[in-house]
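Chain naming here is simple, since letters A, B, ... match the order of the sequence lines and numbering starts at 1 in each. From a predicted model like this one, the values you see are computed outputs, not experimental measurements.
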There are 2 protein chains.
Amino acid sequence: MRIGELAERAGTTTRALRYYESRGLLPARRAVNGYRTYDEDDLRLLQQIRTLRDFGFELEETRPFVDCLRAGHPAGDSCPASLDVYRRKLAELDALIGQLDAVRTQVGAQLARAELEAGAALPGGPEPRCELTHNGPTD
Amino acid sequence: MRIGELAERAGTTTRALRYYESRGLLPARRAVNGYRTYDEDDLRLLQQIRTLRDFGFELEETRPFVDCLRAGHPAGDSCPASLDVYRRKLAELDALIGQLDAVRTQVGAQLARAELEAGAALPGGPEPRCELTHNGPTD
DNA sequence: GTAGTCCTTGACGTCGGCGTCAAGGCAAGG
DNA sequence: CCTTGCCTTGACGCCGACGTCAAGGACTAC
């Protein structure tokens, strides 16, 4: 099949496929007229890439999975290098989620305090004093 | 004070300050020689910006807080517009954290399954079959 | 005078993953 | 022959928040 059909079947664009090829991730055979030619195996590789991308994996992180499939393994994650990527991603996710939870807590507290102060300013009492806490960058 | 000192006291760079000024967020007075001049109030505005940026707020999202301070309010979040930003940010954080949690769960399951299959492949039994589940993009 | 340190503006570079033209080739239908 | 629709390569655009470099002015110390 040609690039347009492959893109459509994988739910992506021809531009993305050419980009993957430029990165050496999904090379294509060529027909006599110069058109890129793909088969069902390429579709599987591409689906693996898309699935991981949809999970938030960077393109480079999908490479071990693609290499694994191309080496003849039944699944992209049948190889140790792929498992390593999974593990690193989990650690990354845990760290990120932890940071976001902390930020969420802080922002929630700020909102609650500010709403309180805004409400107290109307009835006429003197405002209570709270300190902003802050421990450096998050991202 | 001049730009270098302000940057250092706020823990940022002169480049960032010029950038904020170019965005109309932190305009500076000028000395006769053309140097930018700042006072303690500017430091407070800048600290407000940095605190929010460190929480992951976009620069534009800090504008209501800065405007609020500049309007004479005791805190950057003493104004309704700032509270709205807090609320939107909370919703954003909740959505993001929820997505990341879902991804974390999926990736964790994939890892567990792949590790199982890798382990089972050695002892010699036939491999169990599990399906990949996938429901579209995450970010 | 001159060395050193600060300041100025302007402009290009970074990062990832493509989107979006532009100019032209190839194949098929009418 | 002409149009239509797919394909090719090449190259610039985008987003956010600055980093980094270049060329030159201002001020201080010696």
Colleague: Once you round it to whole Å, what is the distance between C1' of dC6(C) and CG of L6(B)?
Modeller: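 Those two atoms, CG and C1', are 15 Å apart.
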Colleague: Can you tell me how far CD1 of I49(A) sits from CG of D54(A), rounded to the nearest 0.5 angstrom?
Modeller: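 Answer for the CG-CD1 pair, D54(A) versus I49(A), is 11.5 Å.
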Colleague: Quick one: side chains of residues 21-31 of chain B, donor-acceptor pairs under 3.5 Å with protein atoms, not counting sequence neighbours, listed by atom name and distance.
Modeller:
| unit_1 | atom_1 | unit_2 | atom_2 | d |
| --- | --- | --- | --- | --- |
| E21(B) | OE1 | R36(B) | NE | 2.5 |
| S22(B) | OG | Y19(B) | O | 2.6 |
| R29(B) | NH2 | D42(B) | OD1 | 3.2 |
| R29(B) | NH2 | D42(B) | OD2 | 2.1 |
| R30(B) | NH1 | G34(B) | O | 3.0 |

Colleague: In whole Å, I'd like the distance from the CZ atom of R63(A) to the P atom of dG17(C).
Modeller: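 To the nearest whole Å, that distance equals 11 Å.
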Colleague: Are the side chains of L59(A) and Y20(A) in contact, using a 4.5 Å heavy-atom criterion?
Modeller: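 Yes. Closest side-chain heavy atoms under 4.5 Å.
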Colleague: With a 4.5 Å heavy-atom cut-off, do I3(B) and R18(B) have their side chains touching?
Modeller: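 Counting from C-beta outward, I3(B) and R18(B) do come under 4.5 Å.
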Colleague: Scan nucleotides 8-21 of chain D nucleotide by nucleotide, 5' to 3', and note B when protein non-hydrogen atoms come under 4.0 Å of the base, S if they reach only the sugar-phosphate, - if neither.
Modeller: BB-B-----BBBB-
Colleague: Mind running side-chain contact (heavy atoms from CB on, under 4.5 Å) on D41(B) and R44(B) for me, showing each step along the way?
Modeller: CA-CA 5 Å; D41(B) 285 339; R44(B) 264 168 235 124; 2.4 Å; yes
